[in-house]
Amino acid sequence: MSTATLTHAEAHSHHDHHEATGWKKYLWSLDHKIIGLQYLFGSLAFLFVGGGLALLLRWQLAFPSTQVMPDGNVGNPLSLAFINPQFYNALFTMHATVMVFLVVMPVLVGAFGNYLIPLKIGCGDMAFPLINELSFWVWLASGLIMLAGFFVAGGAAAGGWTSYAPLSSVAAYNGTKIGQTLWAAGIFINGLASIMGAFNYITTIVNMRAPGMGFFRMPLAVWALFITAFLLLLAIPVLSAAGAMLILDLNFGTNFFNPAKGGQPLLWQHLFWFFGHPEVYILILPAMGMVSDILSVNSRKPVFGYRAMVYAMIAIGFLGFIVWGHHMFVSGMNLVLSAAFGVSTMVIAVPSAIKTFNWLGTIWGGSIRFNTAMLNALAFVSMFVIGGFSGIFMASTPVNIFVHHTYFIVAHFHYVLFGGSIFAMFAAIYFWYPKMFGRLMNETLGKIHFALTFIFFNLCFFPMHNVGLGGMMRRIADPTAYEHLRALQPINQFITIAAIGLGFSQLLFLYNFFRSLRHGEPAGKNPWEATTLEWTVDSPPGHGNFATTPTVYRGAYEYSVPGHAKDFIMQTEPPDPDLPASALARSRPVPVG
Amino acid sequence: MSSAIVTAAHDSSAPGAQRFTLPKFGMLVFLASEAMLFAGLIGGYIVLRLAQGPGNWPPPGAPEIGVKIPPTFLNWVMIINTAILLTSSLTYHWGETRMRKGGSGLLGYGLTALFGAIFLGVQAWEWLHLKHEGMWLDTYGTYGSCFFTMTGFHGAHVFLGLLAILLVTWRAILRQMRLFSGQAPTGSHTCEELTGYYWHFVDVVWIFLYSILYVV
Amino acid sequence: MIYVILWITGITGILVFSTMIYFIVKYRHRGGVGAIHSHGNNTLEVVWTTIPVLIFLGLAIYGNEMWGRMRMQKAPADALQVAVVGEQFGWNVRYPGPDGKLGKMDSHKIGKDNPFGIDPNDPDGRDDFTTYNDLVFPVNRPVQLHLSSKDVIHAFYVPEFRLYQDMVPGRVYDFVWFRADSVGSFQLACNQLCGQGHYKMFGKLAVVPDSEYEAWAKGKAPSATASLSSSAEDVATVNR
Ligand code: HEA
Ligand code: HEA
Ligand code: CUA
Ligand SMILES: [Cu+2]
C-alpha cells in the first residue's frame, strides 16, 4: 500500500488497538462487535431474571398467599408462602426495573446499536472504543447493584419502578432504605452507561460515515438509533438528578420530596416522567428502525416513504419531551395543564400512525418471505398497533380517570413493550444472528417458538384489558381481598397459566440460540440478500470490519428495481453506466389504488 | 496495522468534514448531557422555591446568603470567588493561546489550577461557615437541601475539572522543560482542548447557579 | 367517551389488521412473481397524516370538554362536605355536624394527632364527627370531597363510580364532587402504591337513602380535632 496510508495510520496511532485473543476477547475488548455481543448475552440473561420475577408475581396473583381464612389458615394450598405483600411489591418493582433498564434498553440500544452502527455506516469501529467497553461494565455493575437489593436488610426496593415520593424517599414509610438506595444508585450508574453510549453513537454517526453515505442513505435502523441516542442524552441526566435527590433524601436528611418539610412529592413525578416518557420511546424507536429494515428486506421492496419514516421518528423524538404529564392526570396537577398534556399526547400518536401506514405500504405489493425474523417483525407491527390504541384511550383525560392504575394500563404497556420491543428483539436476533455468528438459526424451531410466543403472549395480556376495565387495580398483592374482583379471579388464573406458557416457550429460543452456535447452517456473507453494508463483509466480520473503506452509491433499499437481473442492489454497487442518470435518481411512480 | 484504524482515522480527517476532531465533537455532545443534569437540578430548585411562596425564601431565620446592598462580608467573599472562577477561564484560554503559538502555556495553566483550587477552598470554607450557622442539608426545609446539593454537584464538577487541569499543567511543565533544553514541544493538544471545553462549561454553569442561588 | 374511542379504534383496528392480513396473504412469496418497485407516494402520505390529525383533534376537543365538565365545575352549594385523609393504611373520614360545615383544613397542620389539619378553635369544626374506614353517603345528593394524606400518596378510588383522585400529602384537593344515583354498598380502594399494606387499604362505602343517612349521622359523637385513627391504628396494622 502507498506510503500515504501508512503515515496516516501512524499519525493516528493513538487510536490503535489490537485484537485480544481467546476468552480475554470476550471480557475486555475494544471491538464494537464484541461489546455488542457482551450486551446481548448480558441482557438475555437478565431477560430470564426479569421474566422469572414476573412468573413469581403472576403466581401470587393467581394463588394469593395473603388471604387469611376465618380459621386462620392460608387460603390457598397452591400459594407460595414466601411471597408476602412487601415482597410482592419488590417483585414488580424489580421486574420492571430489570426489564426496562437491564433488558430492553441494553439489548436494543446496547447490543444492536453497538453491533450494527459501524457495520451499517461503513466504518471500522465506534468513535471512542474505550468508553464503549467501559459503558458495558458500568452497565453490568449497575444491574448487579440493583439486584443486590434482594439480599439486604429490608429487601429490594418496593415502591414501583416509578418510585413515587414520599413513599420512596422516607425510610419510615417504605421500610426498604438500603434497597431503595441501591435502586437509585443503580439507576444513576445505569444512566452513566447510557450517556457514554449515547454520545459515542452520535459522534460516530455524524463523523464516521463511509464516503457516499449521506444521512438520507442511512438505513432506518441507524436513523432510529441516532434519534434514540439524542433522547438518551437529554432525558437520562434528568433522571440522574432525581435519583441523586432521592439518595440524599433517604440517607442525608434533605427534604426535596418530603412535604412535611416543604418538599414537593409532585416534583419527583415531574422529573421522573420528564425522563419516563422519552424513555418509552427509547424503548420502541430502535425496534421500529430495525423492523423497518427487516420488513423491507423480506418483502423485497424498498421501505415505503423512507423520508416520511425519518421525519416521523424525529417528530416522535421531539414531541416525546412534551407529553410527560399524561402519566399524572390524576395527581392533582393543574387541571388546564392536564388538558394540554392530553392534546399533546394525541398529537404524538400521529407520527406513530404515519409509521404504521408506511409499514403496511412496505409489504403492499411485495414478495414476502415468511422467515422467522419476518414473522416476528409482522407481530411487532400488529402488537404495537393494539398497544397504541389502548394508549389513545388513556390519553383522553376523562377515560384516563376511569382506567388509571388498572390492568388496562398493564395491558397497554406490555403490548408496546413485549409486543413491541421484545418481538422486535426476537426479529433482530433471528435476522442478524447469521452475521454475528456465521450460522443460521434453525427455522423450524424458530417458527415454533414464534407461534407459541405469539399465542401465549396474547392469551396472557389481552385479558388484562378486560380485568382492567372490570376495575382491577395494578400493584395489589391480593386481588381476592376485594369484593368486586373475586369474580375476576378465574381470569387471573388463566392469565397466569398463559404467562407460564409464555415463559417456558422462551426456553425453546434459548435452545435454538445455543444449538445453532455449533450446528446451524453456515450462513455466508449475505443469507437474506439484503443491500446494506454489513452484508458485504464476512460473517462474522473480522476485526476492523472492512478491508477497505466501502464507497456508497445508493440508498439502503434498492429492491426489485425494474430492469435488473437480481432483485436487490448492494449499496456499494456503482451506478450502471448504461442507464441514464435520471432513471437512477427517480424510481417508477406508483399509481394510487 | 489494523485496517479499522485507517478507516476511522481516514474518515475523521476527510476533507470538508472536520472543524471538530472526534474527541472535541464527542465532548460537546457529552456536555449537552451535563447541561441537562443541571437543568434538572435547577428546574427542581425553581419548583421548590416557588412552592414556598413569596417572602419565604430564604426561610425566616436562615443565614443570609443573598446579595445585599451594601454587600455583607459573605457577599464579598462569594463575589470575589465568582470573579476568581471566571478569571480562571481567561487564564486557561491564555494558556491555550500560548501553547498554540509554540510556547508551553505553563503560566496560564498553572494560574488556572491555582484559581480553581482557591475557588474550591473558599467554597469549602463557605460550607463550613454555613454549617456552623446552623444551615445544612436537612435544615431550613428545602432551602438547605437545594443549596448544598446544587453547589455540591457543581463543586464535584470543579473538582474533576481541577484534576484534569493538574494533568494539563503537568504536561505544560514537560513542555516547558523541552523548551528550556532547546527542543520544540511536540504532541497533540487534544487533552488541553477537551479540558478547556469542560472547564468553560463548568464556569457557565456557575454563572447560572450564582444568579439563582445568591442574586435573584 | 370511552365508547367513541372504542368505535374509532375498533374500526381503524379492523381496517389495519384486515389490510395487513390481506397483504400478507396476497403478497406472500410465489415463484415467478416479483415485487413491485415503489419508494412511496406523497399523496398517500398526506392523506394518512391528515386523517389521524383530524380524528385526534376531534378526540382532544371532545375529551377536554368532558374533562372541563368533570373537573372544573364548581360543586353545588348544598353539597355535603366530606373530608377524607389517607394514611398508611386506612382512611380517616370527617363529616360536618348539624351546622353542615366542616372545619377548615390546613395541609400544613396535618400531623400524627391531627389527621385533618383542623384548628381546634374553629367553630365550624367543633361539631364535626369522624369515622375510620367507614363512609356513608346519601343518595341523589351532591357530595364534595376534601382529600388529603397524612404520609405518602394514596388515591381515592371507587371503581363503580368512575371516581379517582390521587391524594398527595401537603395538599388538599377539593375539586372532586359527585352524586350517587342508586343505593348500594361498595368498596373504597386505595389505588396508589403506598407500602406493604397498600393492597388491603380499603374502606366500606354505603350509599343510603337520605333519611337513613341523617339517622346514621345523628348517632355519631362530635370530635374536635382528634380522630379515631390513633385508637384504630391496630386495625390498620398489616399482617405479614
Ligand atoms: C414502548 C413503550 C411505550 C410506547 C411506544 C407507548 C406509546 C403510547 N402511550 Fe404509553 N406507557 C408505557 C409505554 C409505552 N407507551 C408504559 C411503560 C406506561 C406505564 C408506566 C407506569 O405507570 O408504570 C405507559 C402509560 C401510558 C399512559 C399513562 C396511563 C396512566 O398511568 O394513567 C398514557 C396516557 O396517555 C399512555 C399513552 C400512550 C400513547 C398515546 C402512546 C402512543 O405513542 C401510541 C401511538 C400508536 C398508535 C395510536 C397505533 C398506530 C396508529 C394507527 C394505526 C393510526 C390510527 C389510529 C387511530 C385513529 C386511533 N401510556
Ligand atoms: C420490557 C418490559 C417488560 C416485559 C418484557 C414484561 C414481561 C412480563 N410482565 Fe411485566 N411489567 C413491566 C415491564 C415488562 N414486563 C413494567 C414496566 C411493569 C410495571 C411495574 C410497576 O408497576 O412498577 C410491569 C408489571 C407487570 C405486572 C403488574 C404487576 C402489578 O401491577 O401488580 C404483571 C402482572 O401480570 C406483569 C407480568 C409480566 C409477564 C407475565 C411477563 C412475561 O412476558 C414474562 C415472560 C417470561 C420470561 C421471558 C422468562 C422465562 C423464564 C423462565 C421460564 C425461567 C424461569 C426461571 C426462574 C424462575 C429462575 N408485569
Ligand atoms: Cu394507600 Cu395505597
Ligand atoms: Cu408516556
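Below, chain A is the first sequence line, B the second, and so on; all start at residue 1.
Within the 4.5 Å cutoff, side-chain heavy atoms of B/M36 are placed close to those of A/F274. For the pair B/L37 and A/S240, the minimum side-chain heavy-atom distance is below 4.5 Å. Contact annotation: the side chain of A/M245 approaches that of B/L41 to within less than 4.5 Å [non-hydrogen atoms, C-beta and beyond]. With a 4.5 Å cut-off on side-chain heavy atoms, A/F252 and B/S145 do not count as touching.
Residue B/F153 touches chain A through its side chain alone, counting heavy-atom pairs closer than 4.5 Å. Only the side chain of A/I195 comes within less than 4.5 Å of a heavy atom of chain B; its backbone N, CA, C and O stay farther away. In this structure, chain B has a heavy atom under 4.5 Å from the side chain of A/L248, while its backbone stays farther away. Contact annotation for A/L271: only side-chain heavy atoms (C-beta onward) come within less than 4.5 Å of a heavy atom of chain B. Heavy atoms of B/A32 lying under 4.5 Å from chain A belong to its backbone as well as its side chain.
In this structure, CZ in B/F30 is found 11.5 Å from CZ in A/F128, a value given to the nearest 0.5 Å. Considering CZ of A/F256 and CG of B/L137, their distance stands at 7.5 Å, rounded to 0.5 Å.
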Show me the donor-acceptor pairs, under 3.5 Å and distance only, between side chains in residues 207-216 of chain B and residues at least two apart or in other chains.
from	atom 1	to	atom 2	distance (Å)
B/S211	OG	B/I207	O	2.4
B/Y214	OH	B/E126	OE1	3.0
B/Y214	OH	B/E126	OE2	2.9

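The two atoms that bring B/L22 and A/A127 nearest to each other are CD1-CB, 4.0 Å, heavy atoms only.
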